[in-house]
Amino acid sequence: MRTGSEPRTARSALRARFWLSLWGLLWALFGTVAFLITGRTGWAIACGVLLVIVTIDLAVVLRHIRQGPHYQPGPDIPPYRPPDDHA
């Protein structure tokens, strides 16, 4: 729940998540190809599954980056309860 006490300049970690996903994508692709070449199908399947998961994550991250920043309502906007001020 948003209380309104969050920093106004808070930034998302989407760029870092993008680069980490890209790094994981490259390693999963490398692992899949390397294990297929060496004949270790079990490990190749495991790396292939990881490759699919990382690709989906990368697509989600790119979608969120392209959407841009979103409006965050203040604490005075329902359904959020304003913080109790006992001054």
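Listed by first and then second residue, the side-chain hydrogen bond (donor to acceptor under 3.5 Å, both in side chains) pairs that reach into residues 20-29 are Ser21-Asp57, sequence neighbours excluded. Evaluation of the salt bridge (charged side-chain N to carboxylate O under 4.0 Å, His left out) test over residues 58-67, restricted to residues two or more places apart or in two chains, returns none.
A search for side chain to side chain contact (heavy atoms under 4.5 Å, CB included) contacts involving Leu25 returns Leu22, Leu51, Val54, Thr55, Leu58, not counting sequence neighbours. Every residue two or more places apart in sequence or in another chain that forms a side chain to side chain contact (heavy atoms under 4.5 Å, CB included) with Trp43 is listed here: Phe35, Arg40. Scanning for side chain to side chain contact (heavy atoms under 4.5 Å, CB included) contacts around Leu20 gives an empty result, with sequence neighbours left out.
For the atom pair CD1 of Ile45 and CG of Leu36, the computed distance is 8.5 Å after rounding to the nearest 0.5 Å.
The side chain to side chain contact (heavy atoms under 4.5 Å, CB included) test with Leu14 is passed by exactly one of Leu62, Ile65, Val60: Ile65.
Hydrophobic clustering (side-chain heavy atoms under 4.5 Å, transitive across Ile, Leu, Val, Met, Phe, Trp, Tyr) groups Trp19 together with Val61.
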